[in-house]
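The structure under discussion appears below in the form of structure tokens.
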Amino acid sequence: MELPKNYDFKESEQKWIKEWEQKRLYSYKDKGTKKFSIDTPPPTVSGRMHIGHACSYTQGDIIVRYRRMKGESVFYPFGTDDNGLPTERLVESLKNVKSKSMGREEFVELCEKTIKELKPEFIADWKKVGISADFENSYSTIDAHSIKTSQKSFLDLLKKGRVFQEESPVSWCVHCQTAIAQAEFENVDITSNFNDIIFKQGSKELVIATTRPELLPACVAVFANPNDERYKELKGKFATVPLLNYEVPILFDESVALDKGTGLMMVCTFGDKEDVEKWYKYKLPLKSAITEDGKLNEEGKQYKGLTIKEARKQIIEDLKKENLLLTQKPITHPVNVHERCGTEIEILKTKQWFIKVLDKKQELLKAADQITWYPEFMKKRYIHWVENLQWDWCISRQRFFGVPFPIWYSKKTGEVIPASDEQLPVDPLKDKPKVLPPNHTYADIISESDVMDTWATSSVTPQIALDWADHPEKFKEMFPETVRLQAHDIIRTWAFYTIVKGIYNNNAVPWKNIIISGFVLDPKGQKMSKSKKNTIAPQIILEEFGADALRYWAAGSKLGEDLPYQEKDVLTGKKTVTKLWNASKFTLMNLEGYNPIQTSASSQGGTQTPEIQNTDSLEVMDKWLLSKLMKIIKVSTESFENYEYSKAKHETDVFFWQTFCDNYLEFTKYRTYGEDKQPTEHGTQNNTKLAAQKTLYYALLTQLKLFAPILPFITEEIYNMYFKEIEKEESIHTSSWPEINSKLIDEESEKAGDLAVQINSEARKYKSEKKLSLKTEITTLKIKCTAEQKELIQKTIKDLKATGNIKEIFFEKGETLELLFS
RNA sequence: GGGCUCAUGGUCUAGUGGCUAUGAUGUCUCCCUUACACGGAGAGGAUCGCCGGUUCGAGUCCGGCUGGGCCCACCA
């Protein structure tokens, strides 16, 4: 068998992607073996896969491919997250439209159309990196099945009393014009001004420091610390709000910092969480001055109609005019903004749906212990987040493109009218409830027009994939899933919310294990971002180096650890692919005329790998290689079991380059080529050649298998060209994972082989120092060593002479090993 | 301010308390040896961030410090 001179990764990768798909190699089949199910993040259809996706999915895929080879029944669905704000924003910018100024139906249609356009190309990128998901079993978080599942989850929680609707101060994005959840906050430092503003108390001037003068019309009280000597006499008095000239009470609370600003603070409805707390605690009146689209309303009096920014500017100007602005200090302070658009978050009193989480903190913390976290410390991030939760989970969004709430309301009583399970999926704007409350007609109901938060649906990915809505029995068989794979940035959202739903809906944590991958950083270790222009497109890497090379790089990071992108590592991957090709080419060349089936003692299995059953015929160097190979199988298997793919990769890599290529192939060259030069007596096959062939066959196949999860294309190519016919398994990826053959562990041969390697390397060094070609013959080698060492060295003397071009070798007694060349 | 995490040759990285600290890349020298120049052989290059402790023995365990990164809190 002769392989072509060069490996064309582009051609090969394309071919295998197509073939795997045609053969439905990765479709879910219940083989009656241990089940392995994996929950991977449905990426948002953003047009293109980014490098972080490529890396993290590859890491997951490596684990899945290992499991598949172990013979487990792999359930690996693939989803896309198409619903909600991210898609709306994408469509708005792509199609240059504004959802709120378009008809709802028209906009939803446009979203659906856009997704359809983008999706195939989007998914193609995942296939290109060799992700072995069951793409036939793919879901979209906005398809009918996902909507049904998500609505079922909601109705279930409604029955269980875990969701509630309330009109309360809620974080709000004035740009997206919707309520948002705590998990969607992003903290940024903003430069602003700290303004010392004069309030009047009778004729007295009270100085209040604020960064938000535009909220003056929403001011409902002034607060001081009860221990603040400066303000004690203000008790029971009122202050006049400047410019707007109305009175608010002066109150006292321990939470007011004495040293911040002037020690006086104004409470507005609402500037921040602090205001909300005082508003509740002191039952203050509500004075909302900000509209849902971020303008001042009639409460703003003369400032009505101005945007927040304009109002701020105008109020400052007016304060200056009236000499009510004492000082203005520029400051930089942290502000919560909406992660999707960067707009500063407002707090508005609106009616929203919530999932109760604050009262179940203890259970949610306990859940962390029922899941094994890889790496373990990531568990703390989850715990930390749960402990610090401030708000219940607000799941309603005043948007168009999302999963509708499966409910209507009664105009008469205001009560909630839920859809019935059997009518899901339902759109209350189009459909009618099956069951009406007594004395109601369809004219008496109003439809809920809000949609659910994206996370309310992506938090049920296990339930969607395992078909909780339609096949609850099948669902029970597989739930909880084996593994969740995700990055650490969404522990507080995706991991947390999925756990919430698992526990609330199904009384169990959703997976037994969670593996958290790190971030891809730029070569300098900086976070990648579009604004920094330091992003790297995986498509370019794929084009230039190939998927195997990209995967090789991705396999290099430890789980949970951030990985700087280094092109040299991808290049090393490509070199490994090339080396694998060349080493295989050489090996297969040497297997010319070799019939592996004959040497297989176990003919019963028929299609089994021709195992090496008998080591008697093997030479020391063969035993040396195989014994070391067994240890690599052991380490690699153990590492994969613990999701430590980078360790498995490293060990296999070092073995392949050093043990196999640099040494074993060199040591056996003289045995494998030139049979016609030294025909053996009786014309039968040379025994040492046959031994080498046996070893080569088994060692190469094993190494291909060990590399297969990481380098699926090159290994499949080589397997297909030679091994497939003999092994009778259609793909290396469905072939069995190598097992340790304890008969092949041979410490003595390892020692002897190591000595031979050492001596050979000294010989090379000698030649290099003398600037001699490696072909140069060494006349004599005098070896000083112990009797024990001599015995070992004598076992490989033939190999040493041939490999190192050494004519004669003499021994002399010595304490330590000493080599004298001449 | 709280929490987590990291610190190893120029750069990136491996490293279950134990003999000369892994590999890659880059540098230098030699070599197109019939698998591979996307290669081979060799050389040089690390007081394993700093201080202290535990131990016969610490890159590895403990405490403190310094410096990165991330998360959370701080928004008057």
In whole Å, I'd like the distance from the NZ atom of A/Lys568 to the C1' atom of B/U27.
14 Å
Does the structure show a Watson-Crick or G-U wobble partner for B/C32, both distances under 3.5 Å? Name it, or say none.
none
Would you mind pulling out the nucleotide paired to B/C38, Watson-Crick or G-U wobble, both distances under 3.5 Å?
none
Taking for A/Trp385 and for A/Lys575 the nucleotide of RNA chain B with the nearest heavy atom, the one nearer the 5' end belongs to A/Lys575
Across the strands shown, which category fits A/Thr578 at heavy-atom distances under 4.0 angstrom: base, sugar-phosphate, nothing?
base
Correct closest heavy-atom pair for A/Ile180 and A/Val170 would be O-CG1, 4.4 Å
Among B/C70, B/C6, B/A76, the one nearest any side-chain atom of A/Glu561 is B/C6
Write down the distance between CE (A/Met589) and P (B/A35), rounded to a whole number of angstrom.
5 Å
Look at all strands and tell whether A/Thr587 reaches a base, only sugar-phosphate, or nothing, counting heavy atoms closer than 4.0 Å.
nothing
Euclidean distance for C1', B/U8 against B/A21 (whole angstrom):
9 Å
Are side-chain N/O atoms of A/Asn195 and A/Gln328 paired as donor and acceptor at under 3.5 Å?
yes
Rounded interatomic separation in angstrom, taking CD from A/Gln566 and P from B/G10:
16 Å
A/Lys767 NZ: over 12 foreign heavy atoms closer than 6.0 Å:
yes
Just call it for A/Lys579: base, sugar-phosphate, or nothing, with non-hydrogen atoms closer than 4.0 Å on any strand.
base
Selected nucleotide, minimal atom distance to A/His650 side chain, candidates B/C4, B/G69, B/G23
B/G23
So does A/Lys380 reach the base of B/C4 with its side chain, donor to acceptor, closer than 3.5 Å?
no
Give the nucleotide from the list B/G23, B/A35, B/C75 with an atom nearest to the side chain of A/Gln658.
B/G23
Are A/Glu638 and A/Lys647 within salt-bridge range, i.e. N to O under 4.0 Å?
no
Is the NZ or CZ atom of A/Lys527 both under 6.0 Å from the centre of the six-membered ring of A/Phe519 and within 45° of that ring's axis?
no
Under 4.0 Å between any heavy atoms, over every strand shown, what does A/His333 touch: base, sugar-phosphate, or nothing? Just pick one.
sugar-phosphate
Donor-acceptor pair, side chain of A/Glu666 and main chain of A/Asp662, under 3.5 angstrom
no
At under 4.0 Å between heavy atoms, what does A/Cys661 touch on the DNA or RNA strands: base, sugar-phosphate, or nothing?
base
Looking only at B/C12, B/U5, B/A41, the nucleotide nearest the A/Pro564 side chain is B/C12
Cation-pi geometry met for A/Lys669 and A/Tyr664 (6.0 Å, 45°):
no
How many whole angstroms separate atom CG of A/Asn225 from atom P of B/A76?
17 Å
At under 4.0 Å between heavy atoms, what does A/Ala583 touch on the DNA or RNA strands: base, sugar-phosphate, or nothing?
base
Can you tell which of B/A76, B/A24, B/A35 lies closest to the side chain of A/Lys669?
B/A35
Nearest listed nucleotide, side chain of A/Lys558, among B/A35, B/C70, B/A14
B/A14
Is the phosphate of B/U13, meaning OP1 or OP2, less than 4.0 Å from a side-chain N or O of A/Ser646?
no
Within 45° cone and under 6.0 Å: A/Lys273 NZ/CZ vs A/Trp391 ring:
yes
Just how far, in rounded Å, is P of B/C70 from CD1 of A/Ile516?
18 Å
Would you classify A/Trp657 as touching base, sugar-phosphate or nothing, given that sugar-phosphate means primed atoms plus P, OP1 and OP2, and contacts are heavy atoms under 4.0 Å?
sugar-phosphate
Proximal nucleotide (of B/A35, B/C38, B/C70) relative to the A/Arg381 side chain
B/C70
Given B/C72, B/C12, B/A35, the nucleotide with the shortest approach to the side chain of A/Asn388:
B/C72
When only distance counts, do a donor and an acceptor, one from the side chain of A/Asn187 and one from the base of B/C74, lie under 3.5 Å apart?
yes
Specify the separation, in whole Å, of atom CD1 of A/Ile331 and atom C1' of B/C75.
8 Å
Which nucleotide sits closest to the side chain of A/Arg492: B/A35, B/C72, B/G40?
B/C72
How many Å lie between NZ on A/Lys527 and P on B/G69, as a whole number?
12 Å
Just N and O in the side chain of A/Lys379: are any of them under 4.0 Å from OP1 or OP2 of B/C4?
no
When the C1' atoms of B/G40 and B/C32 are compared, how many Å lie between them, rounded to an integer?
10 Å
Watson-Crick or G-U wobble partner for B/C61, using a 3.5 Å limit on both distances?
B/G53
So what does A/Val256 touch, heavy atoms closer than 4.0 Å: a base, only the sugar-phosphate, or nothing?
base
Is there a Watson-Crick or G-U wobble partner for B/G1 with both distances under 3.5 Å, and if so, which one is it?
B/C72
If you find the nucleotide of RNA chain B closest to A/Leu571 and the one closest to A/Glu769, which residue's nucleotide is nearer the 5' end?
A/Leu571
The nucleotide from B/A41, B/G39, B/C74 with an atom nearest the side chain of A/Arg764 is B/A41
With rounding to whole Å, what would you report as the distance between B/G18 and B/U60 at their P atoms?
11 Å
Taking a pair as Watson-Crick or G-U wobble with both distances under 3.5 Å, which nucleotide is matched to B/U25?
B/G10
For the pair made of CD in A/Gln182 and C1' in B/C72, what is the distance, rounded to whole Å?
10 Å
Tell me whether the OP1 or OP2 atom of B/C30 has a side-chain N or O from A/Lys770 closer than 4.0 Å.
no
